[in-house]
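Values below: all heavy atoms of this structure, side chains included; hydrogens, waters and symmetry mates excluded. Just so you know, ligand 1 is whichever comes first in the structure, and atom 1 is the first atom listed for that ligand.
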Amino acid sequence: MDLATGQERSEKTAMKEPVIVAKGLTVGYKLHRERKLLTALRDITLTVNRGEFVCLLGPSGCGKTTFINAISGIVLPWEGTMEVNGAPVTGPGPDRAMVFQDYALMPWRTVEANIRMPFQFQKMGLSDEEIDARIARYLELVDLRGFEKSYPYELSGGMKQRVGIARALATEPTILLADEPFAAIDAMTREAMQSELERIVMETRQTVVFITHSIDEAITLGDRIAVISRRPGRIKEVLDVNLPRPRFDHDVKSLPEYADIRERIWDLVKDEALSGAHGD
Ligand code: ADP
Ligand code: MG
């Protein structure tokens with residue numbers, strides 16, 4: 001198997017080929033009933049380079065999903081710019097694929113038919129044989145061989161999300177956008193899923209933007225972590241995570257660097273986290 005080592009990966013990111021470039025991005029929503037505009041993100045400047053795994057960390061409502069929506073073209077900039085692969089984003093495209101918190105599987109479709117869906121919605125110029133081969137490869141990659149004919153209700157949360165990941169990856173997008181994909185999965189399975197996602201991404205070398213509100217999940221997965229504050233969402237700080245990969249094999253949680261970065265992030269988020277805990 002073509003596994004990139006941690007070192008190759010950091011050499012890759014050291015080449016710094018920008019894939020997602022947000023400059024002074026301000027964006028939000030029109031609230032029709034109240035006839036006003038809600039600014040969700042203000043003046044976001046962030047570059048994600050090819051092969052990089054960037055986590056967005058921040059409290060609920062700070063604009064994390066909005067940022068991913070701006071990358072995928074569901075919302076368009078009010079001010080500033082959002083470019084993907086060198087061109088302004090004007091709408092969704094097959095170069096970007098999403099993994100959702102609630103899996104977003106079609107309950108009446110089998111595992112195999114769920115993974116086939118993107119190929120039915122978007123013309124990708126692949127033959128039926130090529131599509132079948134893709135589906136088989138990604139089913140294998142997420143360790144779901146033998147479950148092709150199962151329905152979502154027959155699967156655990158972790159397995160459902162593996163279907164969601166396979167569906168996103170099967171189109172071989174440049175960018176994987178993951179919106180709290182493991183938030184609904186129990187704690188033990190969640191660690192296993194994090195470890196699997198890291199393994200998969202080391203193999204496929206996708207560029208990943210991963211949303212979480214778990215500090216540990218962000219440190220466990222990210223090459224960099226963008227900490228976002230609320231109302232309106234702004235980037236507080238972007239931190240580098242220089243821990244060896246695969247992180248689970250290296251038991252990074254026991255390293256002093258892990259505790260250091262955890263403490264730095266906690267210092268950045270604690271005010272908002274504590275006010276959130278008091279119901280603000
Ligand atoms: P997060 O993902 O960090 O929880 P969101 O990006 O979903 O935050 O939301 C940012 C802000 O934008 C919040 O105040 C939220 O209520 C508002 N918002 C999100 N989606 C919509 C929408 N479709 N219409 C109106 N307001 C929205
Ligand atoms: Mg969200």
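- Around the Mg ion (ligand 2), the protein atoms of type N, O or S found under 2.8 Å away are Thr65 OG1, listed by chain and number.
- Tyr258 and Glu263 share no donor-acceptor pair across their side chains, judged by distance under 3.5 Å alone.
- Under the 3.5 Å distance criterion, with hydrogens and angles disregarded, a donor-acceptor pair is assigned to the side chains of Ser127 and Glu130.
- Applying the side-chain hydrogen bond (donor to acceptor under 3.5 Å, both in side chains) rule to pairs touching residues 60-69 yields Tyr29-Thr66, Thr65-Asp179, sequence neighbours excluded.
- Within the 4.5 Å cutoff, the side chain of Glu217 has heavy atoms near those of the Arg190 side chain.
- The existence of a salt bridge linking Arg42 and Glu79 is excluded, since no basic side-chain nitrogen approaches an acidic carboxylate oxygen closer than 4.0 Å.
- A salt bridge links Glu191 with Lys253: the closest approach of a Lys/Arg side-chain nitrogen to an acidic carboxylate oxygen falls below 4.0 angstrom.
- Closer than 4.0 angstrom to ligand 1 by heavy atom are Tyr29, Leu31, Leu38, Ala40, Pro59, Ser60, Gly61, Cys62, Gly63, Lys64, Thr65, Thr66, sorted by chain and number.
- Side-chain contact of Gln206 with Thr204: a donor-acceptor pair under 3.5 Å is present, judged by distance alone.
- Within the 4.5 Å cutoff, the side chain of Arg96 has heavy atoms near those of the Ile71 side chain.
- In terms of the ring pair (Phe, Tyr, Trp, His ring centres under 6.0 Å) criterion, residue partners of Phe182 (sequence neighbours excluded) are, by chain and number, Phe210.
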